[in-house]
Asks: 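Dropping a structure here in structure tokens format, bear with me for questions.
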Amino acid sequence: MSTDTQANVYVDFIKVFLSQNSTAGCVNVSQSSSDWLISSFGRFSVFTTVTVLQMLNPSFNVLDTLSLLNLRQLVEVSSTPGFLSSAAAVNNLLLYVPDAQITVFFLSLSATLQTQGVVLPSPVQEAFLQQVFNRANLTTSSDADLQIWILNILPSFIANITVQHVTSYFSVILQRPCPISQQAVQLLNSSSSTFQPATQDQIYQLILGSLTGVHPSIHLYMYSSLHPLTQHPSVSTGPAPLHCYANQSYYAFLTSSFMSFQFPNLTTFLSLMPPAHVPELMESVSPAEVSSLLNRPNAVDDVAQICQLFRIYPKTPQYLQTEPLLPVGLARQVLSCIWPRVLKVDVQSEVNQWFDLRLVQYLPLLTSQFIAPDVMLNASCLSFKKFVSAMAKYNYSAAEFSPSDIYSSILVYLNTSSGSTPKCYYTSNPDLNSTTWFTDYISVFLSFITLDDLLQFGSIQPFLVNLDNLQLFAQTSVPDDVMEYYVTLLFEINPSFSAYYLPLKFRCLAPASSFLQLSLEQLKIISSGIHQNCTDVLPDVSAALASNAEVLTVDTIEALGQSSTGLSTAQISDAGGNVLLNSLSMLRLVLGWNLDQAMMIIQTLLSSGVYQINSVASLLDLGSLIIGVQSSIFRVISGEIFLEAVKSELFVTSVIGAPVIIQQTIVSQIIAVNSSSDAIITNVPDLMATEIPRIFLLDVPQSSAAAQVVNRKKWKHEQAVLIFETVTAQFSNPDDMSFQVLQGFTCSRIQSFSTSKVLSLIRGCRRRVNQTLVLQESQLTCMHHYIKSADLSAFSQYPAEVLIYYNYSMIDRSLCRSYFSSLGAADFSVLSSTLSFKKQMLFNHARGCLGISGVSISRVQLDVLGSMSCFLSSEYIQSSDPYVLEKLKPCVDLSAEQISALESILLGGNTSSGPSDSWDRATLESLALLPLYLTANIWSKFTQANKQRFLKTFIRDLRKNDKASEKKILNMMNEVNKISRVKIKRSAETACTVGQILQAQVYSDMFPFAYDVPQFNACLSVQTLKDNLEAVTDRVYDRSYQRIILDKLNQAYPGGLSDQVLQVLGSASHVATPDDVRKWNVMKIDTLSSLMNQRKGDWDPEMVQLLVSKYLSVNGNTLGSNELNALGGTNLCVLNTSVLNNITAASVERASALSLTSCSSEKKSILFSIAQNAFNTTNTRSTNPVSITTYQLLQNYLGGADVTFIRTLVNSTVNMDVLTFMNLKQSVINVLIVSEVKNLLGVNVADLKTYESTAQIQEWIRLQLQVDLDTLQIGLTGGRNSSVTESTVSTTATASSSTKAPSAQTGTAATTAAGSRVWSPVCLQLLLLAVTMTTLQLLHW
């Protein structure tokens, strides 16, 4: 029977039959399933299914019938859930599958499972898989058969595979061709989610082993013909690396190799590559793949391997540029790996690529370690430059380093030896020959630079004029000394460089020469800029700017602005009245006019008829030019106009800067409106109060309001003494009183005050913050009289100068150190020559107090001594602590011996200035005023550049703040020029070889120190002198130079010098000869006032007489109050008595107090007589014979008073100070008895002891009875004994009186104040007495 027939039999008969209800499958409960199957189906059972069998026989047990089932039915059993539940059942079933049919069985089973979607229980699945490895002989099967297994059979059994089965699995596939092994791994990958971690790890290890040839438990032979990286087994005796690698991405290869089984970490990734093929393999990896690699979890097992990766990766630049950042930690590690490489790049295009593109994302990750000096020191110049550029734009808000850290690295990197070529500058290298060095290598970090830093950069000359560098300095705040050094060096190397190209703040330091040859537009830009931004524009800069204006127009004046002070008088004159009038709104605001400039402007305005000065508006419109108006114009302007004008602060400020004669004239006109004291102190501006004549201050109202007005004004001492009592009475707290009023403290004016009030006033005179009240010796001795009866130990509560006059024996020795510490703040210049011995005496006491032995003084002791250090001898200076130098710095005068000693200390190198080879400009600046006294020994240690830079500012400061006389400045420059002045050959003396003196040069504070006398004569033209006269005379003080000036002026003005010239001639006028003066036109009080200005020097008597004669020869000129003020006491004393006799009382009344100490006795008498007439009606508010007010008005004239007037003072309680007493005629002093002197001096009588060594006091003492002197109780000795005949001594006194004071009372007899009669002198008696005394002395010897 055929198979089909058999099948039909089964279907049509057996199945139908058994399915009938009546037959019920013919099941016999006593039959086994096997028996039932055989009896019911026989050989037709092969056509049925297990499912049908179970349907026909519900109690059918399939496992009992396995031996009767065919392969298809066994597959059905295997794939039907519930039949197989254990490995034993599986193994039992497979016993009935012949080995020859095992493949067919599993193919059918796998297909069935996949079709039906059946998932076998794990034990069943594992059992089947184990049977596969046991019976399928896969290791020996063909590749084709194995591929069938992998693709068609094993997928159904791979889920939840165990470690053991994985190992078996790999033992099958490792020796197979790559496509098969890859399919095998792919099969695992498809079910990887079902694997246990241990299984997955085993798979990873097995895959890794397949690539390296090292398997954790098997060692199989691998080969591939896909790529030369792997070799055929016949070529190699060992496993070939990278099994199955083809011409593909190395990363992709590993990805496909490991699939989802834990991608290799970075170390493994790198180690898998054969060394010989690393470049090739790394080239195959894309930047995106590197990013993917590093972003894998736990991919970076060793951060050091990142550096290895990027060291061998050829596409690192592309990676950095295109791929997103890794997590910060990894990204920073990446940066740390490539940073050293970047710093070494020395090709400009590559450097740009790195910083502009590749590192853009990474630069924010920089830390202080990346930019540390030791790291950056390894950078190439090009990389470092780019780094600086990048850091200049860096956002530091989140950085752990600051711009100062960047600068620290820059400083280390650029540091080079002084004078050498700066780092990264090579003229032969196109990439490194740019002069934009500061911009390139320092950039915005320039703000951290110091001068010391700058000096470490080598020779920076090539970069100085580069405009980019200059712009950088313009935009960056750098220290002043750096700017000054840069600018100075710039112009030393490039003297012709124009200031127009300098940054604004550099222009403030630029030399005058750089402001020449400017266009009008450039002039506008520069002039306005420097005056708005520079603290102090030097006069020579203004002069240089002004010299650019060949024709002065309104536009050029507007452009010059404040620099109009540099205009020459010729420029001003040539401009004409209209131009000046139209520019007046600008000119009136210019500060710092020279007198000749202002006079020329005023003269041009008035002479051209375009301007008149006759109203408040016309005065105010002049502004600062008011100084150029002659006093004669003001004298015809009414006081009412000035009362309105002085309400303008600018007007008052301008007048204060005018010659004093202008101030006096305006004050006089104001007084003329209302001459009451009340009105005057109200109407006269505070700063002009010094010019109020004393006579108008006698009736100041005794009110608080008036006191407040007076208290805020500026006064002279001679005025303050008159108003002191009235004003002081209105103040309960002296600290509220101004020093201007307190300077009027005298023993004459404090009599009405209680002792406590006086002591309070004395305390009010002590130093206040930075203010010191300058007191006279007579005031200090007066103060001492009150203090000594109070608390002597309150040293710090009183003016330090008072302590000079203490009796040291009265000071508690336990407090001596405190005393000397306070005394150390005193100004010892207050001491008169009479008491100068006190300096040494006080120093001797200080030595004992401080324990100073020998000539060595410690630093602590020097601090206590303070200003007493100024009169230490050279031995003390040289032997003391070098700190003594600090104490000598403030000293006003030093002797030659002291200077020599301090120079020795400086040269010793142990001071804060250090050794001389380290000295620079800062050294000179640290010496305060000492450079005034230094000799060529010290100046020779400084470079010419340092000296010039220092002196330029030093001299200007000295003059501006009146710190030193021109004589001292001249002496200093003579010492400087002993070293620096270039010697001029005699043959060349007539030719100018050092440069013509032009407008800009004469305004320099260093003028004329660069010229010796011959060169000054040769280089200064007459025209330049005429056009800039005051600028020249204000700076030239050497007599030789001044004689040249006068000679050139005589050439310019052969007819004689005019008032206008004489008013600005200054101290140069003092080199004039009588013949010169005879040609001068001294016609105006302004001229006389200028010529007699004692600040410009002293005149010889003959010259004063000649000048005054020239002045008085002019019709209408007299010696009025202004003239007396101009002459002052010294010059007045040299005039002939005939001239003095013509002085009126009215003139003296309104004049300032005149010092007549240099007058002869006869002239003193004449002037006293006039003064007495002037002030004889001033006895106000007093019942004394002579009021305190009258006394103080006459005090300066008392040297000419006779004994009669002095005796009226005896009973007037004036408390005359001893210095005034000693200035009386000796003949007057001699006739005063002890009681008279006591009454005359009052509280000051004790000062007779202080001044007893003076000739005047000694002579008076010798004439007094010692017993009378003893009544003073001040210790005076040397008086005559009562045993000496009264007539003899009286004769001596009278003789002295008659010979020394012919105008005093004389005669055959005189009556003393006590009523005793003294007989006239007899010369023979005197002779006999002298011979007798001499003989006795010889016998005694």
Asks: Using a 3.5 Å distance criterion without hydrogens, assess whether the side chain of S79 forms a donor-acceptor pair with backbone atoms of L109.
Replies: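 Not confirmed, S79 side chain does not pair with L109 backbone.
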Asks: Indicate yes or no for a side-chain donor-acceptor contact from N91 to the backbone of A87 under 3.5 Å, with no hydrogens or angles considered.
Replies: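 Here the side-chain-to-backbone pair exists.
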Asks: Mind checking what makes side-chain hydrogen bond (donor to acceptor under 3.5 Å, both in side chains) contact with T267, not counting sequence neighbours?
Replies: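 T267: side-chain hydrogen bond (donor to acceptor under 3.5 Å, both in side chains) contacts with D301.
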Asks: Can you measure from CD1 (I406) to CE (M376) and round to the nearest 0.5 angstrom?
Replies: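 The CD1 atom of I406 sits 7.5 Å away from the CE atom of M376.
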Asks: Side chain of T316, backbone of Y313: donor and acceptor closer than 3.5 Å?
Replies: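 Yes, the answer is positive, given that a donor and an acceptor are paired below the 3.5 Å cut-off.
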Asks: Under a 3.5 Å threshold, yes or no: a donor from one side chain and an acceptor from the other, between S383 and S380?
Replies: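 Note: S383 and S380 side chains meet the donor-acceptor criterion.
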Asks: Is it the case that the side chains of N160 and Q125 hold a donor-acceptor pair, with the cut-off being a distance below 3.5 Å and no angle test?
Replies: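 Short answer, no.
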Asks: Assess whether ring pair (Phe, Tyr, Trp, His ring centres under 6.0 Å) is satisfied between F401 and Y394, documenting all intermediate values.
Replies: CA-CA 11 Å; F401 55 89; Y394 198 73; 5.6 Å; yes
Asks: Got a sec: does the CD of Q196 have more than 12 other heavy atoms crowding it under 6.0 Å?
Replies: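 Counting neighbours around CD of Q196, 12 or fewer heavy atoms of other residues, nucleotides or ligands fall under 6.0 Å, so no.
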Asks: Before giving the answer on side chain to side chain contact (heavy atoms under 4.5 Å, CB included), spell out for F384 and C381 the whole-Å C-alpha distance, their side-chain angles and the decisive distance to 0.1 Å.
Replies: CA-CA 5 Å; F384 189 82; C381 289; 5.7 Å; no
Asks: In Å and rounded to the nearest 0.5 Å, what is the CG to CG distance from L272 to L242?
Replies: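 Here the interatomic distance stands at 6.5 Å.
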Asks: Could you tell me whether the side chains of S286 and Y251 share a donor-acceptor contact shorter than 3.5 Å?
Replies: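 No, no side-chain donor-acceptor contact under 3.5 Å.
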Asks: Salt-bridge test for R358 and E350: reply yes if a basic N is under 4.0 Å from a carboxylate O, no otherwise.
Replies: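 Here R358 pairs with E350 in a salt bridge, since their nearest N and O are under 4.0 Å apart.
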Asks: Identify, with sequence neighbours excluded, every residue that meets side-chain hydrogen bond (donor to acceptor under 3.5 Å, both in side chains) alongside S271.
Replies: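 Listed in chain order: nothing, the list is empty.
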Asks: Would you kindly say whether N469 and T439 are connected by a side-chain donor-acceptor distance under 3.5 Å?
Replies: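 The answer is yes; a qualifying pair exists.
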Asks: For S284 and S249, which I'm curious about, is there any donor-acceptor pair between the side chains at under 3.5 Å?
Replies: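 On atom types as modelled, these side chains do not qualify, holding no pair under 3.5 Å.
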Asks: Suppose we screen for salt bridge (charged side-chain N to carboxylate O under 4.0 Å, His left out). Which residues come up paired with R341, at least two apart in sequence or across chains?
Replies: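 Checked R341 against salt bridge (charged side-chain N to carboxylate O under 4.0 Å, His left out); zero matches.
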Asks: At what distance, to the nearest 0.5 angstrom, does CD of Q182 lie from CD of Q186?
Replies: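 Answer for the CD-CD pair, Q182 versus Q186, is 9.5 Å.
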Asks: Both conditions, 6.0 Å and 45 degrees, for the charged tip of K423 above the ring of Y413: are they met here?
Replies: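 Because its charged atom sits under 6.0 Å from the ring centre and within 45° of the axis, K423 does stack over Y413.
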Asks: Whether the side chain of R176 engages the backbone of T139 through a donor-acceptor N/O pair (distance < 3.5 Å, no angle test) should be reported.
Replies: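 Confirmed, R176 side chain pairs with T139 backbone.
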Asks: With no hydrogens and no angle check, just 3.5 Å: does a side-chain donor-acceptor pair link H165 and E126?
Replies: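 No - no donor-acceptor pair under 3.5 Å links their side chains.
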Asks: Decide yes or no for I442 and F448: does some side-chain heavy atom of the first lie under 4.5 Å from some side-chain heavy atom of the second?
Replies: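 In short, these two side chains do not touch, never coming nearer than 4.5 Å.
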Asks: Could you check if a side-chain atom of L94 sits within less than 4.5 angstrom of a side-chain atom of V90, using non-hydrogen atoms only?
Replies: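 Touching, per the 4.5 Å side-chain cut-off.
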Asks: Excluding sequence neighbours, so at least two apart, what forms side-chain hydrogen bond (donor to acceptor under 3.5 Å, both in side chains) with Q114?
Replies: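 In terms of side-chain hydrogen bond (donor to acceptor under 3.5 Å, both in side chains), with neighbours along the sequence ignored, Q114 is linked to S110, S156.
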Asks: Quick one about S349 and N352 (side-chain donor to acceptor, distance below 3.5 Å, no hydrogens or angles considered), yes or no?
Replies: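 No - no donor-acceptor pair under 3.5 Å links their side chains.
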Asks: How far apart are the C-alpha atoms of S434 and D440, what are their side-chain angles, what is the distance that settles it, and do they pass the side chain to side chain contact (heavy atoms under 4.5 Å, CB included) test?
Replies: CA-CA 9 Å; S434 172; D440 291 343; 3.8 Å; yes
Asks: Backbone N or O of L74 within a donor-acceptor pair of the S78 side chain at under 3.5 Å?
Replies: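 Checking the backbone N and O of L74 against the side chain of S78, a donor-acceptor pair under 3.5 Å is found.
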Asks: Are D145 and S142 close enough that a side-chain donor and a side-chain acceptor fall under 3.5 Å?
Replies: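 D145 vs S142: donor-acceptor pair found between side chains.
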Asks: If we count only N and O atoms by modelled type, under 3.5 Å, do the side chains of T167 and Q202 hold a donor and an acceptor together?
Replies: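 Present: a donor and an acceptor within the cut-off.
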Asks: Restricting to side-chain hydrogen bond (donor to acceptor under 3.5 Å, both in side chains), what partner residues turn up for T268, sequence neighbours left out?
Replies: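 Here the qualifying residues are N265.
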Asks: Which word best sums up how the rings of F269 and Y250 line up, parallel for under 30°, tilted for 30 to 60°, or perpendicular for over 60°?
Replies: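 F269 and Y250: tilted rings.
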Asks: Quick one about D431 and Q348 (side-chain donor to acceptor, distance below 3.5 Å, no hydrogens or angles considered), yes or no?
Replies: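 The answer is no; no qualifying pair exists.
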Asks: Between the side chains of D453 and T450, is a donor N or O closer than 3.5 angstrom to an acceptor N or O?
Replies: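 Per modelled atom types, D453 and T450 side chains form a pair under 3.5 Å.
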Asks: Would you say S291 and N295 are linked by a side-chain donor-acceptor pair, where the criterion is simply a distance under 3.5 Å?
Replies: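 Judged by distance alone, the side chains do pair up.
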Asks: Look at atom CG of N298 and say whether more than 12 heavy atoms of other residues, nucleotides or ligands are closer to it than 6.0 Å.
Replies: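 No.
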Asks: Can a side-chain donor-acceptor contact be found between T436 and D468 if the only test is distance below 3.5 angstrom?
Replies: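 There is no such pair (donor and acceptor under 3.5 Å, judged by atom type) between the side chains of D468 and T436.
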Asks: Are the side chains of T80 and F83 in contact, using a 4.5 Å heavy-atom criterion?
Replies: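 Answer yes - side chains close enough.
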Asks: Could you name each residue pair satisfying ring-ring contact (aromatic ring centres under 6.0 Å, His included) that touches residues 98-125, not counting sequence neighbours?
Replies: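 The answer is F106-F128, F106-W149, F106-F157.
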Asks: Measure from the side-chain N and O atoms of S181 to the backbone N and O of I173, and report whether any donor-acceptor pair falls under 3.5 Å.
Replies: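 Side chain of S181 to backbone of I173: no pair is present.
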Asks: Does one side chain, of T162 or Q164, offer a donor that lies under 3.5 Å from an acceptor on the other?
Replies: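 No - no donor-acceptor pair under 3.5 Å links their side chains.
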Asks: Taking atom CG of L266 and atom CG of L294, what is their separation to the nearest 0.5 Å?
Replies: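 The CG atom of L294 is 6.5 Å from CG of L266, to the nearest 0.5 Å.
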Asks: Treating S108 as the side-chain partner and V104 as the backbone partner, does any N or O pair qualify as donor plus acceptor under 3.5 Å?
Replies: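 Not confirmed, S108 side chain does not pair with V104 backbone.
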Asks: Give, for atom CD of Q200 and atom CG of N189, the distance between the pair rounded to the nearest 0.5 Å.
Replies: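 Here the interatomic distance stands at 9.5 Å.
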Asks: For D143 and Q147, which I'm curious about, is there any donor-acceptor pair between the side chains at under 3.5 Å?
Replies: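 Short answer, no.
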